[in-house]
Number of protein chains: 2
Amino acid sequence: MPPVSAELRLHRRAPIGRELYGMLRRQILTGVLRPGESIPEATLAERAGVSRTPVREVLRRLADEGFVTIIPQVGTYVAPIRLAAVYDSQFIRETLECRTIRLAAENLTEADAAVLRTNLAAQQASLEAGESDAFFDQDDALHACLVRIAGRPAIWEVIQGVKSQLDRVRYLSLQSGDWPPVLVEEHATLVGHVLAGDAEGAEAAMRAHLRTVFATIERISRVNADFFEKPAP
Amino acid sequence: MPPVSAELRLHRRAPIGRELYGMLRRQILTGVLRPGESIPEATLAERAGVSRTPVREVLRRLADEGFVTIIPQVGTYVAPIRLAAVYDSQFIRETLECRTIRLAAENLTEADAAVLRTNLAAQQASLEAGESDAFFDQDDALHACLVRIAGRPAIWEVIQGVKSQLDRVRYLSLQSGDWPPVLVEEHATLVGHVLAGDAEGAEAAMRAHLRTVFATIERISRVNADFFEKPAP
DNA sequence: GAAGGCATACTAGTATACAAGTAGCCAAAT
DNA sequence: ATTTGGCTACTTGTATACTAGTATGCCTTC
């Protein structure tokens, strides 16, 4: 019989391989693990001090997100960045966030406004300190916050799942080049419109902001050609 | 070393538990397996004639999609329909499909038009024959086709993954009530706008169409209360 | 010398054995 | 009669053993 307590009991899930998942995801995202690199289950299991079973589940999930490629009886490899997937991710993200930010501009409360201002200040600090990794996370936090303000917190989970490939490009673009100042500026504009309750302006700013990545993709895929999938001959 | 052939070789993947996944998904969707029902790994494994290992991967994926709830050391149960998830699914689907159908109306070719007309005719046939299961699939096929015409075939995969909870309501609504005629009518209107290249009208029709589900949710959740998550007390 | 076949090492897929934790029942004590 | 304690059956989580298939390097042969 179904436990009626299921709704109110907080299950202490067993995220044994949870940190392994996060570590691998991060390492692939940041390029510590480079596309094409072999990551056998046995090696990961041994390194983490666990058996292959939980490792397999982690890899299966990473494969679903497009981070690794599993070839049966051959091996598991860090997947190359697929440009087509990047463009699809951008399309979906733009579509969803441009709609949610309109709602955010309309539903804004004073408490939300304070959170947004705090985040912007933190970004400025990371920028001046040159901490690109911190900035990367704060960028995500701002967008997540906007989605939450829109009253659709679950949407961010979907975006998070979809933008995996986009994130890899985003990370590379933060490493080299002078994009962070531009992004902070755009974020400030974005938040400004939201604070003013200007839904129309906020959407336009978001659209422009999310398309900034386009300006870097070509250069990134040229400089870091080995990170990207080879185009069909 | 990474096999360079990875891109062009077609890997004969080993979808051993693939049919089990489809069967379970279908059975939960159609209500053959009812929310709260216990589905132990061992039972499923024995029934399918395989070991627990592949069954676990299937269940893990179903859990990610919100079809089952896995409680460690307790059991695996068919998940109840979460109304909040249904509304989130609808929001995302509406946002994405309203944008893609605009593109579909603009990118339409003659071949696409023929496919759309064929699908509509098939729907009409299923309607008259009272085959609601076939209609369910044709409904999906039409929407998938529109997304493909828009030039974003990958988007449908995302929608497919998101609308799981929505589908359960959709299936229930097709079982009882006289909604199929309404939906076919809406599909015809939709396709009509696309065929006419009327992006504006197509989007409006799509929005109205995807919101039709709202009219049934309240009744469905009342009639089939045992399918839905109990609201917080 | 080159090309083809074969053996070996390594991989993920699968099956099975073991461990840890939960819920429900039953008995005993109050 | 009620409550509380423990015990048992059952579940998922994890580890390990085994299977099957692939790629590669070496050896043979032409």
Side-chain angles (χ1 to χ4, degrees), chain A residues 1-24 28 33 35-79, chain B residues 1-22 24 33 35-79:
Chain A
M1 283 295 286
V4 193
S5 60
E7 285 98 22
L8 39 112
R9 278 289 302 275
L10 62 151
H11 309 115
R12 290 314 303 141
R13 308 206 66 183
I16 298 298
R18 195 65 187 182
E19 55 190 78
L20 176 62
Y21 167 82
M23 189 193 70
L24 279 176
I28 294 174
L33 289 174
E37 195 161 341
S38 176
I39 44 174
E41 294 177 355
T43 304
L44 294 174
E46 188 182 32
R47 195 171 303 169
V50 297
S51 81
R52 278 179 55 206
T53 311
V55 172
R56 275 181 60 80
E57 295 188 358
V58 168
L59 289 177
R60 177 61 62 113
R61 176 165 301 196
L62 287 170
D64 285 340
E65 297 183 82
F67 281 114
V68 305
T69 303
I70 303 175
I71 307 176
Q73 271 69 31
V74 177
T76 303
Y77 304 91
V78 176
Chain B
M1 282 297 284
V4 192
S5 60
E7 284 98 20
L8 41 109
R9 277 292 301 275
L10 61 153
H11 309 115
R12 294 311 305 142
R13 311 205 62 182
I16 299 295
R18 197 63 186 185
E19 54 191 78
L20 176 63
Y21 167 81
L24 279 176
L33 288 173
E37 196 162 337
S38 176
I39 43 174
E41 293 176 358
T43 304
L44 294 175
E46 189 181 32
R47 195 171 303 171
V50 297
S51 82
R52 278 179 56 207
T53 312
V55 172
R56 274 182 61 80
E57 295 188 359
V58 168
L59 289 176
R60 176 62 63 115
R61 176 165 300 194
L62 287 170
D64 285 340
E65 297 183 80
F67 280 114
V68 305
T69 304
I70 301 175
I71 308 176
Q73 273 69 29
V74 176
T76 303
Y77 305 92
V78 176

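Throughout, protein chains are lettered first and strands after them, A, B, ... in sequence-line order, and every chain is numbered starting at 1. Values in this document were obtained by computation on a predicted structure and should not be read as measured data.
The OG1 atom of B:T76 lies 10.5 Å from the CG atom of B:L24; values are rounded to the nearest 0.5 Å. Interatomic distance, B:R61 CZ to A:R61 CZ, rounded to the nearest 0.5 Å: 10.5 Å.
Counting atom types as modelled, B:Q73 pairs a side-chain N or O with a base atom of D:dT12 as donor and acceptor under 3.5 Å.
Mapping B:T53 and B:A42 onto DNA chain D by nearest heavy atom places B:A42 at the nucleotide closer to the 5' end.
One interatomic measurement links the two molecules: CG of B:L44 to C1' of C:dT14, which rounds to 17 Å at whole-angstrom precision. The CD1 atom of A:I70 sits 16 Å away from the C1' atom of D:dT22 (whole-angstrom rounding). If you take CD of A:E57 and C1' of C:dG13, they are 14 Å apart, rounded to a whole angstrom. Here the C1' atom of nucleotide D:dT11 and the CD atom of B:E41 are 8 Å apart, to the nearest Å. The distance from atom OH of A:Y77 to atom P of C:dC10 is 13 Å, rounded to the nearest whole Å. Rounded to whole Å, atom C1' of C:dT16 lies 14 Å from atom CD of B:E46. For A:R56 and D:dT12, the CZ to P distance is 19 Å, given to the nearest whole Å.
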Report the C-alpha distance between A:V58 and A:L44 in whole Å, list the side-chain angles of each, state the deciding distance to 0.1 Å, and finish with yes or no for side-chain contact (heavy atoms from CB on, under 4.5 Å). CA-CA 10 Å; A:V58 168; A:L44 294 174; over 6 Å; no

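Nearest nucleotide to the side chain of B:R52, out of C:dT16, C:dA15, C:dT11: C:dT16. You'll find that the side chain of A:V74 is closest to D:dA23, out of D:dA23, D:dC18, D:dG13. Looking at the side chain of B:T76, the nearest of the listed nucleotides D:dT22, D:dA17, D:dT12 is D:dT12. Minimum atom distance to the side chain of A:S51 is reached by D:dT14, of the listed C:dG13, D:dT14, D:dT12.
Looking at B:R60 and A:E57, their side chains come closer than 4.5 Å, going by heavy atoms from C-beta outward.
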